[in-house]
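Everything below concerns the one structure shown next.
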Amino acid sequence: MPAKPKLGQNFLDDAQAVQRIAASLGDLSGRTVIEIGPGAGAITGALAARAAHVLAIELDHDLAAHLRTQFPPDRVTVLSQDVLNFDFATASTAAGERLCVIGNLPYGITSQILLKLAASHAALDRAILMVQREVADRITASPGSRDYGLLSVTVQMVGPAETLFTLPPSSFSPPPDVHSAVFRWRFAPRFAELGLDQSTFLPFVRKAFAQKRKTLANNLRAAGFSPAVSAAALAQAGIDPHARAEALPIEALAALWHAVQIPSPVGLPE
Ligand code: SAM
């Protein structure tokens, strides 16, 4: 079947990498694994040999039909649908456990898939995902590094992420224009530990990181906080008034979020 570039179809063509990716998910005996974008089944076969059940979510109906002929339905269930509409919570309840997720992702919708997984964290145990190398660098970046930003905080808020290995374009058919990296994500959300409200913390962080070149104080100002409120909040959180969000670890961003929750006579933004 000819690859469809619009669906990010760069198929893994590296038997060693397939085994390495499947093994990175750890012991799968008795487990249900969700595979995002199984394609022609390169990783699916290795998973079916290790897990109790694989739920393979493939948007391309032709590939989904092909996959159904490749694997017995009691080992691999193929769902022909958009992963962005998949209900991980319901699947987790049906499986009676938090789910393992794996995927050589369609790179064009990487961020949307990561946001979807982050929002579904309560249903998830761990994930092994292949993304563009530069995206993995951003996901796993530490505060103060060039790559640290909103994506790093969004992912790391729901659990630690580490890059395992990289793959060159020649590992795929057709080869993509970019290098790829496989990273592990363990779901261990930090919201409760840091006393944060999930629905408002990440939108607040988005405002803090809005303009990379601006200081945090200026970004807060642009977001509608008065200079007095943002100065007081930075002081209360123990943050340098000239700091940029890129320098702040999650704990400092959490302290700042707490500081701006206090009603002030100067007024918070609507
Ligand atoms: N896992 C296979 C492999 O490693 O060879 C294929 C990986 S390929 C990079 C990405 C796969 O995701 C393609 O099969 C593509 O059709 C599928 N895909 C693209 N968008 C999707 C979506 N929104 N939901 C589910 N699958 C999608």
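Both ligands and their constituent atoms are indexed starting at 1 by order of listing. These figures come from a predicted structure and were not determined experimentally.
Scanning both residues, Leu248 and Tyr148, for their nearest heavy atoms gives O-OH, 2.8 Å. The shortest non-hydrogen separation linking Asn219 to Lys207 is CB-O, 3.5 Å. In terms of heavy atoms, Ala46 sits closest to Ala22 at CB-CB, 3.7 Å.
Not one N or O of Ile43 is nearer than 3.5 Å to an N or O of ligand 1, by distance alone.
Closest to atom 16 (O) of ligand 1 among all protein heavy atoms lies Glu58 OE2, 2.6 Å. For atom 23 (N) of ligand 1, the closest heavy atom belonging to the protein is Asp82 OD1, 2.9 Å. Atom 24 (N) of ligand 1 has Val83 N, 2.9 Å as its closest protein atom, hydrogens excluded (heavy atom only). Closest to atom 20 (N) of ligand 1 among all protein heavy atoms lies Pro106 CG, 3.6 Å. Closest to atom 19 (C) of ligand 1, if we only count protein heavy atoms, is Leu7 O, 3.2 Å.
Within a 6.0 Å radius of CZ in Arg221, no more than 12 heavy atoms belonging to other residues, nucleotides or ligands are found. Dense packing is recorded around CG of Asp74, with more than 12 heavy atoms of other residues, nucleotides or ligands lying under 6.0 Å away. Heavy-atom neighbours of Glu193 CD from other residues, nucleotides or ligands within 6.0 Å: above the threshold of 12.
Within the listing of ligand 1, atoms 9 (C) sit less than 4.0 angstrom from a heavy atom of Leu105. With ligand atoms numbered from 1 in the order given, ligand 1 contributes 3 (C), 4 (O), 7 (C), 8 (S), 9 (C), 10 (C) to contacts under 4.0 Å with heavy atoms of Asn104. Atoms of ligand 1 found under 4.0 Å from any heavy atom of Glu35, numbered from 1 in the order shown, are 1 (N). Listed by number with element, the atoms of ligand 1 under 4.0 angstrom from any heavy atom of Ile57 are 25 (C), 26 (N). Listed by number with element, the atoms of ligand 1 under 4.0 Å from a non-hydrogen atom of Gln9 are 13 (C), 15 (C), 16 (O).
Using a 4.0 Å cutoff on heavy atoms, Met130 does not count as a contact of ligand 1.
At a heavy-atom distance under 4.0 Å, only side-chain atoms of Ile109, from C-beta outward, approach ligand 1. With a 4.0 Å cut-off on non-hydrogen atoms, Leu12 touches ligand 1 through its backbone as well as its side chain. At a heavy-atom cutoff of 4.0 Å, ligand 1 is contacted by the backbone of Gln81 but not by its side chain. The part of Leu63 lying near ligand 1 is the side chain, judged by heavy-atom distances below 4.0 Å. Here Pro38 has backbone heavy atoms under 4.0 Å from ligand 1, and that is the only part of it that gets that close.
Between Trp185 and Phe187, the ring-plane angle classifies as tilted under the 30° and 60° cut-offs.
Across the listed options Leu59, Asp62, Ile102, Val18, Leu59 owns the non-hydrogen atom lying nearest to atom 26 (N) of ligand 1. In this structure, of Ala56, Gly37, Gly8, the residue bringing a heavy atom nearest to atom 1 (N) of ligand 1 is Gly37.
In this structure, the separation between CG on Leu196 and NE2 on His258 is 4.5 Å, given to the nearest 0.5 Å.
Side chain to side chain, Thr44 and Glu35 meet the donor-acceptor criterion of an N or O pair below 3.5 Å. No hydrogens or angles considered: a donor-acceptor pair under 3.5 Å links the side chains of Ser199 and Asp197. A donor and an acceptor atom, one from each side chain of Gln211 and Asn218, are nowhere located under 3.5 Å apart.
Tested against Ser171 for a side chain to side chain donor-acceptor pair (under 3.5 Å), the candidates Asn104, Asp14, Thr166 yield a single pass: Asp14.
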